[in-house]
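Letters A, B, ... mirror the listed sequences (proteins, then strands); counts begin at 1.
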2 protein chains.
Amino acid sequence: MSHQRPRIPEATVARLAVYLRVLTGLADGGRSNVSSGELASAAGVNPAGLRKDLSHLGPCGVRGVGYEVATLRDRIAGVLGVERSRACVLVGIGNLGAALADYAGFGSRGFRFIGLFDADPARVGVAVGGQAVRPMEQLDEVVAATAATIGVIATPAEVAQSVCDRLTAAGVRSILNFAPVALSAPAGVDVRQVDLSVELQVLAFLGQQRAAAPVEVLA
Amino acid sequence: MSHQRPRIPEATVARLAVYLRVLTGLADGGRSNVSSGELASAAGVNPAGLRKDLSHLGPCGVRGVGYEVATLRDRIAGVLGVERSRACVLVGIGNLGAALADYAGFGSRGFRFIGLFDADPARVGVAVGGQAVRPMEQLDEVVAATAATIGVIATPAEVAQSVCDRLTAAGVRSILNFAPVALSAPAGVDVRQVDLSVELQVLAFLGQQRAAAPVEVLA
DNA sequence: GCGACTTTGTTCCTGCGTTCACAAGCGGTT
DNA sequence: AACCGCTTGTGAACGCAGGAACAAAGTCGC
């Protein structure tokens with residue numbers, strides 16, 4: 001087992017997840033082999049970079065031939081830990097929360113929402129994505145009962161920190177935050193921030209910059 | 001005008017957007033001054049890095065005092081181009097699309113959805129976020145009439161590429177894609193990819209790695 | 001009016017990620 | 001059985017982002 005665990009860089013992990021998605025699609029399409037070039041273009045990355053990413057898993061391709069789709073898929077899935085289903089709780093079932101709860105992409109990647117929570121009584125009891133929304137009061141017991149280690153926050157910004165506190169107090173160790181605030185959590189708890197509008201803002205900036213610099217390819 | 005345009009790095013642009021959000025909140029709260037340290041902790045970054053980011057805009061603080069909230073806010077807003085409202089079209093009004101259309105955070109940051117489109121006749125005509133969903137047939141004319149340069153794709157993966165093609169053909173130059181596929185677009189068109197489940201996957205990996213390496217802080 | 005303190009702006013440096021380019025290895029062919 | 005082409009895996013250089021330390025500058029107190 002002890003493959004010396006060479007510590008995979010975070011940027012590589014993110015791309016491995018993309019490769020896994022592409023490979024799953026190829027496998028469903030009946031493909032049995034791929035080259036690094038084809039896989040790279042399907043994932044939108046550089047072929048050399050893809051090979052370097054894969055090298056962190058040890059040799060898993062055949063020179064002169066390429067990679068076996070099913071084998072590589074299982075290899076990546078094993079490293080990412082997709083095989084074992086992970087229990088997640090989702091707090092804040094507004095538009096975004098409902099979208100996340102209903103998104104089929106999570107289930108196929110080993111994530112299972114075992115509890116949807118909202119503070120608004122009007123939303124409690126409503127069925128979203130196949131299960132009923134629970135009141136916040138049940139959060140602690142559900143986390144304790146299911147040993148959920150991942151929490152997703154999709155609440156308004158104002159209450160995100162207090163939700164974060166409740167999640168960590170309940171035992172959640174990893175938090176994905178969609179609310180536009182920087183959360184502070186105790187050491188040992190991983191918090192990742194996703195801000196949907198930041199991406200849009202970067203895109204707008206690049207577009208504006210491009211429009212403002214019409215001469216560039218002149219020479 | 002020719003401020004020498006020092007080419008701001010993309011990572012910095014993304015953080016500027018975050019600073020802008022924090023500053024707006026501070027201004028609404030009545031604050032008039034901030035130090036780099038306070039602003040950095042509110043944004044979740046290193047103080048030195050924040051000052052370096054701000055240095056791309058030229059001197060905009062007062063030594064010994066800090067930054068004037070309103071001035072800095074306007075300065076960043078100007079660089080990011082938030083002052084001029086940007087017209088966007090959104091294709092795919094499912095759960096995620098509806099969440100995006102309804103998200104107030106976009107409007108306050110200079111983005112205006114001037115058209116919501118969906119291929120499903122059952123969704124056409126339904127009001128989402130204050131406006132009616134339009135059929136795909138109207139896409140070209142709306143883009144042409146409003147000179148929208150930004151398109152957001154929130155469709156299923158299978159149709160994302162064809163939607164991308166239609167958007168670029170209609171004249172959209174910047175595309176934000178939420179569908180889990182790598183899109184190919186002609187040169188001159190910016191495509192940015194956001195995959196919601198990738199973040200979750202990275203989080204799960206880090207948590208698993210942490211759990212598997214219990215001894216670390218021993219010495 | 002002068003000194004000391006505070007905070008910015010900048011410079012250097014370290015480390016990481018990405019890319020290019022080459023050697024190693026395997027399959028197919030003659 | 002040997003050769004050739006193709007593809008992987010790895011080594012090295014490049015560029016970039018991040019962090020720490022230092023100098024400049026302005027304000028407050030005496």
Side-chain angles (χ1 to χ4, degrees), chain A residues 3-4 6-19 22-23 26 31-69 71-73 75-76 79 182 193 198 202 205-206, chain B residues 3-4 6-19 23 26 31-69 71-73 75-76 79 182 193 198 202 205-206 209:
Chain A
H3 273 188
Q4 75 172 343
R7 200 193 119 272
I8 304 178
E10 191 172 308
T12 294
V13 174
R15 283 188 296 263
L16 285 177
V18 176
Y19 306 154
V22 174
L23 286 167
L26 287 174
R31 285 289 297 276
S32 63
N33 281 58
V34 246
S35 67
S36 66
E38 189 181 357
L39 192 54
S41 90
V45 300
N46 186 297
L50 181 139
R51 291 199 298 272
K52 176 158 288 200
D53 286 339
L54 261 44
S55 74
H56 287 109
L57 319 179
C60 47
V62 180
R63 300 180 189 232
V65 177
Y67 300 93
E68 199 185 346
V69 173
T71 307
L72 185 56
R73 165 171 56 83
R75 187 76 158 273
I76 295 178
V79 171
Q193 178 78 26
V198 164
V202 173
F205 176 78
L206 294 177
Chain B
H3 273 188
Q4 75 172 346
R7 202 194 116 268
I8 303 179
E10 192 172 307
T12 293
V13 174
R15 281 188 297 264
L16 284 178
V18 177
Y19 306 154
L23 286 167
L26 288 175
R31 284 289 297 276
S32 62
N33 280 60
V34 245
S35 67
S36 66
E38 189 181 358
L39 192 53
S41 90
V45 301
N46 186 295
L50 180 138
R51 291 200 297 271
K52 176 169 288 195
D53 286 338
L54 261 43
S55 75
H56 287 109
L57 318 179
C60 46
V62 179
R63 300 180 187 230
V65 177
Y67 301 93
E68 200 186 344
V69 173
T71 307
L72 185 56
R73 164 171 55 83
R75 188 75 158 272
I76 295 178
V79 171
Q193 179 78 25
V198 164
V202 173
F205 176 79
L206 293 177
Q209 207 177 34

B:Gln209 side, atom CD; A:Ile8 side, atom CD1 - distance, nearest 0.5 Å: 7.0 Å

Give each protein N/O atom lying under 3.5 Å from an N/O atom of nucleotides 4-9 of chain C, with the pair distance.
residue	atom	partner	partner atom	Å
C:dT7	O4'	B:Gly64	N	3.3
C:dT7	O2	B:Gly64	N	3.2
C:dT8	OP1	B:Ser36	N	2.5
C:dT8	OP2	B:Ser36	OG	2.7
C:dT8	O2	B:Arg63	NH1	3.0
C:dG9	OP1	B:Cys60	N	3.1
C:dG9	OP1	B:Gly61	N	2.9
C:dG9	OP2	B:Tyr67	OH	2.7
C:dG9	O4'	B:Arg63	NH2	3.1
C:dG9	N7	B:Arg51	NE	3.0
C:dG9	O6	B:Arg51	NH2	3.3

Between CZ on residue B:Arg15 and OG1 on residue B:Thr12, distance to nearest 0.5 Å: 4.5 Å

Starting at OG1 of B:Thr71, measure out to CG of B:Asn33 and round the result to the nearest 0.5 Å. 9.0 Å

In whole Å, what is the span from the CD atom of B:Glu10 to the P atom of C:dG17? 17 Å

Interatomic distance, CD@B:Glu68 vs CZ@B:Arg75, rounded to 0.5 Å, equals 11.5 Å

Filter on side chain to side chain donor-acceptor pair (under 3.5 Å), then keep only pairs touching residues 37-50 of chain A, sequence neighbours left out; what's left? A:Arg31-A:Glu38

Residue pairs involving residues 42-52 of chain B (criterion salt bridge (charged side-chain N to carboxylate O under 4.0 Å, His left out); sequence neighbours excluded): none

Non-neighbouring partners of B:Tyr19 that pass side-chain hydrogen bond (donor to acceptor under 3.5 Å, both in side chains), sequence neighbours left out: B:Asp53

Can you tell me the distance, in whole Å, between the CG atom of A:Leu50 and the P atom of C:dC20? 14 Å

Verify side chain to side chain contact (heavy atoms under 4.5 Å, CB included) between A:Leu206 and B:Val13, making sure each step is shown before the conclusion. CA-CA 9 Å; A:Leu206 294 177; B:Val13 174; over 6 Å; no

Restricting both atoms to N or O, compile the protein contacts to nucleotides 28-30 of chain C shorter than 3.5 Å, with distance only.
none

Using 0.5 Å steps for rounding, measure from the CG atom of B:Leu54 to the OH atom of B:Tyr67. 5.0 Å

Spatial distance of atom CG (B:Leu50) from atom CG (B:Leu16) [nearest 0.5 Å]: 8.5 Å

I'd like the 5' and 3' limits of the part of DNA chain D contacted by chain A, with heavy-atom contacts below 4.0 Å. D:dC6 to D:dA12

